[in-house]
Protein chains: 2
Amino acid sequence: MDVEPATLTKSQAARRERVIRAALDLGASGGYDSVQMRDVATSAGVALGTIYRYFSSKDHLLAAAMVEWTHDLERRVGQRPPKGDTTAERVGDVLRRATRAMEKEPKLSESVVTALLSPDRGAASCQEDVSASMTRILSMALGDDFDPAFQAQVTRTLGHVWFSSLIGWVNGWSGFTKVSDELDLATHLVLDQYDR
Amino acid sequence: MDVEPATLTKSQAARRERVIRAALDLGASGGYDSVQMRDVATSAGVALGTIYRYFSSKDHLLAAAMVEWTHDLERRVGQRPPKGDTTAERVGDVLRRATRAMEKEPKLSESVVTALLSPDRGAASCQEDVSASMTRILSMALGDDFDPAFQAQVTRTLGHVWFSSLIGWVNGWSGFTKVSDELDLATHLVLDQYDR
DNA sequence: CGTCAGACTAGAACACGTTCCAATTCTGCG
DNA sequence: CGCAGAATTGGAACGTGTTCTAGTCTGACG
């Protein structure tokens with residue numbers, strides 16, 4: 001009902017990847033509602049039941065896609081570290097990188113974020129993954145110059161603001177600029193007491 | 001497809017109330033999944049279709065219930081203002097009041113919060129209501145001693161942290177104590193620079 | 001090479017939110 | 001009271017996520 005990548009054969013991993021890809025394609029063109037499991041199956045050239053061998057639910061499937069996306073971002077940030085003189089600028093930089101990607105594919109982001117909110121067991125574990133990844137990304141921007149407890153709290157708090165604003169955007173009561181502003185202001189709120 | 005209370009006759013308002021009550025009862029005993037529209041209907045003594053005259057969806061129904069709950073809390077906080085010497089203590093006080101109620105009815109809270117996350121149009125407008133209400137509640141705890149812009153940002157940020165931690169709790173990857181801690185630490189993070 | 005367990009397939013079947021419909025019952029107005 | 005229009009009802013019907021079943025394919029191992 002939920003298989004960890006480690007135990008998959010090559011062809012299985014390929015199948016899993018094809019399924020995710022198909023889901024992403026559908027999501028990118030029509031949003032959450034048009035990611036229909038029957039369509040994902042045909043489009044991935046796989047039987048409907050097979051999808052459920054890899055993912056516990058539609059939400060788990062889409063949430064898993066978001067996990068991959070977040071890990072990609074984390075890797076990229078690791079390779080090209082955040083730019084900026086102050087901590088606030090570096091944090092703003094990574095948050096902007098995170099949101100810009102979503103801004104370019106609004107339908108897809110809506111699909112993926114919606115799924116991430118599901119109470120489904122599989123999706124919930126993806127939430128943990130994503131939030132952990134986001135925490136690490138923010139840590140990179142913060143650097144090691146702070147008291148660890150303080151740093152941990154800042155990253156978690158900003159992670160919450162990020163997540164919550166994202167929801168506001170997905171559910172349509174705030175535009176993308178609102179999300180950026182919110183993040184920007186929160187960043188300064190918690191950081192301006194320390195640098196500058 | 002969505003009727004505002006203002007235009008309802010007495011018997012209609014009663015029906016609406018009965019429907020909400022039925023949904024809350026079911027939610028309190030079995031959580032989100034056991035709030036089934038057919039059951040809500042029979043339990044409220046109403047036809048299935050009638051529910052959809054008052055609410056656009058199951059999620060809208062449950063989210064509307066949460067709006068009432070939040071308004072109650074807001075009213076209570078207005079009547080018995082938050083206690084505490086420092087701002088942080090007062091903020092902690094209202095946040096604790098907000099979470100304690102949910103802690104007592106975990107299944108019910110799960111139902112209601114889950115619904116609040118839905119992308120459904122009706123539910124989304126309830127999200128705005130709830131978040132606006134929460135902002136006002138936090139403002140009461142902050143008082144008028146701050147720069148309005150600063151106050152606005154603090155309330156929004158704490159609102160985000162509250163909302164996001166709630167999700168973490170509902171989806172089962174953090175206990176209630178974690179939620180309180182998170183809120184507590186975030187509160188101090190943004191406020192300790194000003195009072196103490 | 002033969003075989004056996006597990007993965008895969010096609011498709012039926014099921015569950016529950018949502019919509020639709022025809023018939024009936026309210027409600028307010030002349 | 002009598003009537004028109006709205007609200008409500010019971011229940012069928014629909015869509016889509018999820019599960020189940022019976023049969024087929026695959027690939028690892030003796």
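Excluded from the calculations below are hydrogen atoms, water molecules and symmetry mates; all remaining heavy atoms, backbone and side chain alike, are included. Per chain, numbering begins at 1; letters A, B, ... match sequence-line order.
Note that CZ of A:Arg156 is 6.5 Å distant from NZ of B:Lys178, once rounded to the nearest 0.5 Å. Rounding to the nearest 0.5 Å places NE2 of A:His160 at 9.5 Å from OG1 of A:Thr155. Rounded to the nearest 0.5 angstrom, A:Leu189 CG and B:Gln193 CD are separated by 6.0 Å. Separation of atoms NZ (B:Lys104) and OG1 (B:Thr99) is listed at 10.5 Å; rounding is to 0.5 Å. To the nearest 0.5 Å, the span separating CD on A:Gln153 from CG on A:Asp147 amounts to 11.5 Å.
A donor-acceptor contact shorter than 3.5 Å links the side chain of A:Ser109 to the backbone of A:Glu105. The closest donor-acceptor contact from the side chain of A:Ser133 to the backbone of A:Asp129 lies at 3.5 Å or more, if one exists at all.
Under the ring pair (Phe, Tyr, Trp, His ring centres under 6.0 Å) test applied with A:His60, the options A:Phe55, A:Tyr54, A:Tyr52 reduce to a single match, A:Phe55.
Residues of residues 38-50 of chain B that place a heavy atom closer than 4.0 Å to DNA chain D, in numerical order, are B:Arg38, B:Gly45, B:Val46, B:Ala47, B:Thr50.
A:Trp169 pairs by the ring pair (Phe, Tyr, Trp, His ring centres under 6.0 Å) definition with A:Phe176, not counting sequence neighbours.
Across the protein-nucleic acid pair, A:His60 atom NE2 and D:dT19 atom C1' stand 18 Å apart, rounded to whole Å. Atom OH of B:Tyr54 is separated from atom P of D:dA7 by 9 Å (rounded to the nearest Å). When rounded to the nearest whole Å, the span between CZ of B:Phe55 and P of C:dT19 equals 15 Å. In this entry the distance linking CZ of A:Arg18 with C1' of C:dC8 reads 11 Å, nearest Å. Whole-Å rounding puts the A:Asp33 CG to C:dG17 C1' distance at 13 Å. Rounded to an integer number of Å, the gap from CG of A:Asp59 to C1' of D:dT16 is 13 Å. Look at CG on A:Leu61: it is 10 Å from P on D:dT18, rounded to the nearest Å. Rounded to a whole Å, the CG atom of B:Asp120 is 11 Å from the C1' atom of C:dT18.
Bending across the helix from C:dC1-D:dG30 to C:dG30-D:dC1, expressed as the angle between its end axes from five pairs apiece, amounts to 10° (10° rounding).
Here D:dG17 is the nucleotide among C:dT18, D:dG17, C:dA7 with the atom lying nearest to any side-chain atom of A:Met37.
Of the two residues near DNA chain C, B:Tyr32 and A:Arg15, the one whose nearest nucleotide lies more 5' is A:Arg15.
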